[in-house]
Amino acid sequence: RSRGLGDVYKRQTLGISNHPVISDAIALFTESNIDINIPISLIHGVMSDSNLVRIKDEEALMVYAYQVAGTVGLMMSKILDVKDHRAFSHAIDLGMAMQITNICRDTTEDALMDRRYLPASLIGNIEPGLLIGPDKITQDKIRKALAQMLNTADQYYQSGYQGLCFLPIRARLGIAIASGLYRQIGTNLVKKNYASWLFRSVVSKKMKAWLTIKILMRSLVCLLY
């Protein structure tokens, strides 16, 4: 996988490719005026997953979240033809918020793949295996780390929502719903006292329907007033 991504990296820096998917991507980047360094950052982030994953501190976590998700938010803004530059930082923040939520949800699944995205600065420099069936001390560390990370994610969500006004109406509603459902994953974790090793936080169909209606109504009110 990393070798394939490395090939994408090389071809993107050259701006040409014989591969139809890569060629289409390069054409899209050119048409949407996407700086080539943005998808290259995404590739670097994805490729880093094939290395030994032991996140050192919160700064490293933010860099990773930007690479694998903030870049996606930024590219989506470009593809949606958003012109106002004020929108871009909000788009990055929303992508990062969703990625941090994803990391908090998948703590155990990542540990089973020998990956630890929880920063050592929050949880200590422990090996992923200890996150799968944690003892009491490690449970407390996990809870504190997830609480802080989800609090950070909430701040990014707030920034992300502030940027929705820059998007076309149809895209705005879709992204508002998707991010709202994702944020609920973190809310579920909080309700379960951050016990990520006991369950995988999911949003039920009933809750998805309720949140979708709620978000649509709130968006409608904003549009009317």
Side-chain angles (χ1 to χ4, degrees), residues 61-62 64-66 68-77 80 87 90-113 115-119 122-123 131-134 138-225:
L61 175 64
M62 294 305 108
Y64 175 77
Y66 166 75
V68 300
T71 55
V72 177
L74 183 54
M75 287 189 286
M76 281 298 298
S77 294
L80 292 170
H90 296 296
I92 291 170
D93 287 349
L94 188 57
M96 291 176 64
M98 296 173 75
Q99 181 60 35
I100 294 169
T101 301
N102 184 69
I103 288 171
C104 292
R105 179 194 63 189
D106 293 341
T107 299
T108 301
E109 287 79 358
D110 290 330
L112 289 168
M113 293 187 288
R115 297 173 179 172
R116 194 204 71 229
Y117 293 96
L118 304 187
L122 296 180
I123 199 170
L131 303 177
I132 299 171
T138 305
Q139 288 177 21
D140 290 341
K141 290 180 179 180
I142 293 173
R143 287 190 170 100
K144 290 179 181 178
L146 294 186
Q148 185 162 332
M149 289 170 64
L150 288 173
N151 181 62
T152 298
D154 277 341
Q155 295 176 42
Y156 281 119
Y157 277 118
Q158 290 297 332
S159 172
Y161 294 157
Q162 291 170 13
L164 293 178
C165 62
F166 296 105
L167 300 177
I169 298 298
R170 292 180 64 182
R172 186 188 310 177
L173 292 176
I175 293 173
I177 291 170
S179 59
L181 295 178
Y182 228 81
R183 192 176 189 179
Q184 184 63 32
I185 293 171
T187 300
N188 290 349
L189 269 170
V190 175
K191 290 179 179 178
K192 296 291 185 178
N193 197 22
Y194 308 100
S196 61
W197 59 92
L198 294 179
F199 75 105
R200 189 175 192 268
S201 178
V202 296
V203 181
S204 68
K205 291 182 179 179
K206 183 177 180 179
M207 179 58 73
K208 286 180 180 178
W210 164 243
L211 286 173
T212 298
I213 294 171
K214 183 178 178 181
I215 292 168
L216 286 173
M217 291 299 293
R218 185 171 60 200
S219 299
L220 180 60
V221 170
C222 291
L223 289 175
L224 290 175
Y225 296 97

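In this structure, Leu61 and Met149 approach most closely via the heavy-atom pair CD2-CE, 3.8 Å. Nearest heavy-atom pair, Met98 versus Ala178, reported as atom, atom and distance to 0.1 Å: CE-O, 4.3 Å. Counting all heavy atoms, side chain and backbone alike, Gly95 lies closest to Ala69 at O-CB, 3.1 Å. Pairing each heavy atom of Leu211 with each of Gly180, the nearest pair is CD1-O, 4.3 Å. Between Ala91 and Leu74, the shortest heavy-atom contact is CB-N, 4.2 Å. Scanning both residues, Tyr64 and Gln99, for their nearest heavy atoms gives CE2-NE2, 3.8 Å.
Thr138 OG1 to Ile123 CD1: the interatomic distance, rounded to the nearest 0.5 Å, is 7.0 Å. Between Tyr157 atom OH and Ile100 atom CD1 the span is 8.5 Å, to the nearest 0.5 Å. The distance from the SG atom of Cys104 to the CG atom of Asp110 is 10.5 Å, given to the nearest 0.5 Å.
Residues satisfying the side chain to side chain contact (heavy atoms under 4.5 Å, CB included) test with Gln148, not counting sequence neighbours, are Glu58, Leu122. Among residues two or more places apart in sequence or in another chain, the ring pair (Phe, Tyr, Trp, His ring centres under 6.0 Å) test is passed with Tyr194 by none. Residues that satisfy the side chain to side chain contact (heavy atoms under 4.5 Å, CB included) test with Thr107, not counting sequence neighbours, are Leu118, Leu131, Leu146, Ser196.
No side-chain heavy atom of Val203 sits under 4.5 Å from any side-chain heavy atom of Tyr182. Using a 4.5 Å heavy-atom cutoff, the side chains of Tyr156 and Leu94 are not in contact. The closest side-chain heavy-atom distance from His90 to Ser77 is not below 4.5 Å. Looking at Thr71 and Tyr66, their side chains come closer than 4.5 Å, going by heavy atoms from C-beta outward.
Judged purely by atom type and a 3.5 angstrom limit, Arg172 uses its side chain to pair as donor or acceptor with the backbone of Leu164.
Contacts classified as salt bridge (Lys or Arg N to Asp or Glu O under 4.0 Å) and involving residues 144-164 (residues at least two apart or in different chains) are given here: Asp154-Arg183. Every pair passing salt bridge (Lys or Arg N to Asp or Glu O under 4.0 Å) that includes a residue from residues 195-206 is listed here, sequence neighbours excluded: Asp106-Arg200, Glu109-Arg200.
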For residues 184-193, which side-chain donor-acceptor pairs fall under 3.5 Å, sequence neighbours excluded?
from: Gln184; atom 1: NE2; to: Asn188; atom 2: OD1; distance (Å): 3.1
from: Asn188; atom 1: ND2; to: Val202; atom 2: O; distance (Å): 2.9

